[in-house]
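What follows is a single structure, written as structure tokens, with notes after it.
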2 protein chains.
Amino acid sequence: MKSVQDIVTEIQDAGLKVTPQRVAVIQALYKLNHPRAEEIYKEVSQNIPGLSPTTVYNVLDALVEKDIIKRVKTEKGVMRYDAVPDHHHHMYCITTDRVEDFFDPELDNLLQNYFEKKQLKGFKLEDIKLQLMGKFE
Amino acid sequence: MKSVQDIVTEIQDAGLKVTPQRVAVIQALYKLNHPRAEEIYKEVSQNIPGLSPTTVYNVLDALVEKDIIKRVKTEKGVMRYDAVPDHHHHMYCITTDRVEDFFDPELDNLLQNYFEKKQLKGFKLEDIKLQLMGKFE
DNA sequence: TTTCAATTTGTAATAAATACAATTTAATAA
DNA sequence: TTATTAAATTGTATTTATTACAAATTGAAA
């Protein structure tokens with residue numbers, strides 16, 4: 001979780017204007033777990049009445065563009081978002097749509113070493129993301 | 001690439017009726033590269049005039065359900081499909097929407113060993129998929 | 001405090017996917 | 001081979017997610 005000040009600084013550093021909508025969207029992303037745009041809209045609307053759904057999409061696009069947040073790949077035709085931009089992986093529940101972050105520097109090392117030896121011809125590898133599929137207990 | 005006979009057998013074994021639409025959708029999946037439903041519709045329509053878009057969605061759902069094909073996770077709010085149901089990973093192009101299959105049994109072993117030692121508390125791991133992000137050259 | 005580009009809003013449009021009733025068809029058994 | 005029937009396809013209408021865009025508002029620099 002980030003303080004409001006951290007969020008403000010983050011937005012400023014990206015060269016974006018600090019608006020209540022942007023701050024609130026980022027806060028909602030921390031509160032909710034990998035939410036869809038519509039869930040964010042509902043959440044943020046409580047603090048910012050009159051909020052437009054379009055704004056949520058605009059804000060999300062701008063924040064993704066600046067690497068302040070990330071999109072989460074899913075098997076549903078709905079986009080979801082992740083407050084954490086730092087390198088990490090995801091655990092996906094097979095039965096529900098729950099998604100959790102997964103940090104593992106040791107594994108990242110292992111993979112990096114593996115792919116340094118193993119050359120992928122015709123593909124310049126820049127990032128590796130794991131999808132851990134399973135069930136939460 | 002699978003022969004028509006292989007495709008027919010595959011559909012039968014799954015307990016589904018063999019229809020021209022289903023066979024053609026699977027063939028289109030091999031011809032196209034991780035296509036969206038709409039691309040499949042266009043392709044298959046050439047062979048099956050009067051094809052309904054709804055049918056494409058129905059067929060895709062049924063085939064995914066029976067593990068004959070797979071959905072591909074993307075960062076766009078559009079579903080894409082994969083003709084290959086066997087365990088494999090994906091290479092994603094950062095700049096375009098190109099996706100390629102990636103098979104690597106050695107890596108699969110490495111990962112399996114790693115996660116046998118490393119217990120994930122609260123999560124029963126069933127499958128690991130890598131997303132290799134980068135650029136095709 | 002003014003200025004202005006950036007941002008938000010609101011409405012409308014588009015795109016992707018789904019619901020569902022009517023029609024057709026694949027596969028089984030007579 | 002034909003009759004039967006559950007499964008599959010079709011066509012239309014909706015829903016849901018997202019985007020387009022012009023007008024109004026606002027954050028931040030001068």
Side-chain angles (χ1 to χ4, degrees), chain A residues 4-5 7-26 28 32 34-45 47-66 68-69 71-81 97, chain B residues 4-5 7-26 28 32 34-45 47-66 68-69 71-81 97:
Chain A
V4 174
Q5 187 49 58
I7 293 174
V8 167
T9 305
E10 199 172 27
I11 297 172
Q12 279 175 335
D13 289 353
L16 297 175
K17 288 188 180 171
V18 179
T19 67
Q21 291 87 345
R22 282 175 175 165
V23 174
V25 164
I26 294 177
L32 308 170
H34 302 96
R36 299 175 287 121
E38 191 228 353
E39 297 173 79
I40 298 167
Y41 170 69
K42 274 191 204 157
E43 174 68 24
V44 175
S45 287
N47 302 320
I48 304 181
L51 175 74
S52 170
T54 305
T55 298
V56 174
Y57 284 103
N58 287 341
V59 167
L60 289 170
D61 284 351
L63 296 178
V64 167
E65 169 82 17
K66 296 295 186 180
I68 294 173
I69 66 172
R71 290 188 214 278
V72 179
K73 293 184 176 61
T74 72
E75 270 182 18
K76 303 278 171 58
V78 195
M79 196 47 52
R80 294 175 68 177
Y81 295 88
D97 58 358
Chain B
V4 174
Q5 186 49 59
I7 293 173
V8 168
T9 306
E10 198 171 29
I11 297 172
Q12 280 174 335
D13 289 353
L16 297 175
K17 289 187 181 174
V18 178
T19 66
Q21 291 86 347
R22 283 175 175 166
V23 174
V25 163
I26 294 177
L32 307 170
H34 303 95
R36 299 176 288 121
E38 190 227 354
E39 296 173 80
I40 297 168
Y41 170 70
K42 274 191 203 156
E43 173 67 25
V44 175
S45 288
N47 304 320
I48 303 181
L51 175 73
S52 168
T54 304
T55 298
V56 174
Y57 285 103
N58 287 340
V59 168
L60 289 169
D61 283 350
L63 297 178
V64 167
E65 169 83 15
K66 296 294 185 181
I68 294 172
I69 65 172
R71 292 188 211 278
V72 179
K73 293 183 176 63
T74 71
E75 269 181 20
K76 304 275 171 62
V78 195
M79 195 48 51
R80 294 175 68 176
Y81 296 87
D97 58 357

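Two residues are said to be in side-chain contact when any heavy atoms from C-beta on lie closer than 4.5 Å; V56(B) and V44(B) fail this criterion. Between V25(A) and I69(A) there is no side-chain heavy-atom pair separated by less than 4.5 Å. Contact of the D97(A) side chain with the R80(A) side chain is registered, since non-hydrogen atoms from C-beta on lie closer than 4.5 Å.
The CD-P distance, from E65(A) to dT19(D), rounds to 13 Å in whole Å. Counting to the nearest Å, the C1' atom of dT18(D) and the CZ atom of R71(A) are 11 Å from each other. Taking atom CG of residue L16(A) and atom C1' of nucleotide dA28(D), one finds them 13 Å apart after rounding to whole Å. Summarising the geometry, the separation between CE on M79(B) and P on dA15(C) is reported as 18 Å, rounded to the nearest angstrom. Rounded to whole Å, the distance from CD1 on I11(B) to C1' on dA7(D) is 14 Å. In this structure, the CD atom of E38(A) is 15 Å from the P atom of dT19(D), given to the nearest Å. Atom CD1 in I40(A) sits roughly 13 Å away from atom C1' in dA17(D) (whole-Å rounding). Between the P atom of dA17(D) and the CG atom of D97(A) lies a distance of 12 Å, rounded to the nearest Å.
Across the interface with DNA chain D, nearest-nucleotide mapping of G15(B) and G50(B) shows G15(B) to be the residue nearer the 5′ end. Both V18(B) and R22(A) sit near DNA chain C, but only R22(A) has its closest nucleotide nearer the 5' end. Across the interface with DNA chain D, nearest-nucleotide mapping of P53(B) and R80(A) shows P53(B) to be the residue nearer the 5′ end. For P49(A) and K17(A), each mapped to the nucleotide of DNA chain C holding its nearest heavy atom, the one lying further toward the 5' end belongs to K17(A).
Between Q21(A) and dT9(C) there is a side-chain polar atom (N or O) within less than 4.0 angstrom of OP1 or OP2. Contact annotation: Y57(A) side-chain N/O to dT18(D) OP1/OP2 distance is under 4.0 Å.
Of the candidate nucleotides dT9(D), dT18(D), dT8(C), dT9(D) has the atom nearest to the side chain of N58(B). Nearest nucleotide to the S52(A) side chain, out of dT9(D), dG27(D), dT9(C): dT9(C). Nearest to the side chain of P20(A), among dA8(D), dG27(D), dT8(C), sits dG27(D). Nearest to the side-chain atoms of D61(A) among the listed nucleotides dG11(D), dT19(D), dT9(D) stands dT19(D).
Between the base of dA7(D) and the side chain of T19(B) there is no donor-acceptor pair shorter than 3.5 Å.
As judged by a 4.0 angstrom heavy-atom cut-off over every strand, T55(B) is placed among the base-contacting residues.
Each of R71(A), K66(A), R22(A) was compared with D61(A) under the salt bridge (Lys or Arg N to Asp or Glu O under 4.0 Å) criterion, and only R71(A) meets it.
With rounding to the nearest 0.5 angstrom, the CD1 atom of I48(A) is 11.0 Å from the OH atom of Y41(A).
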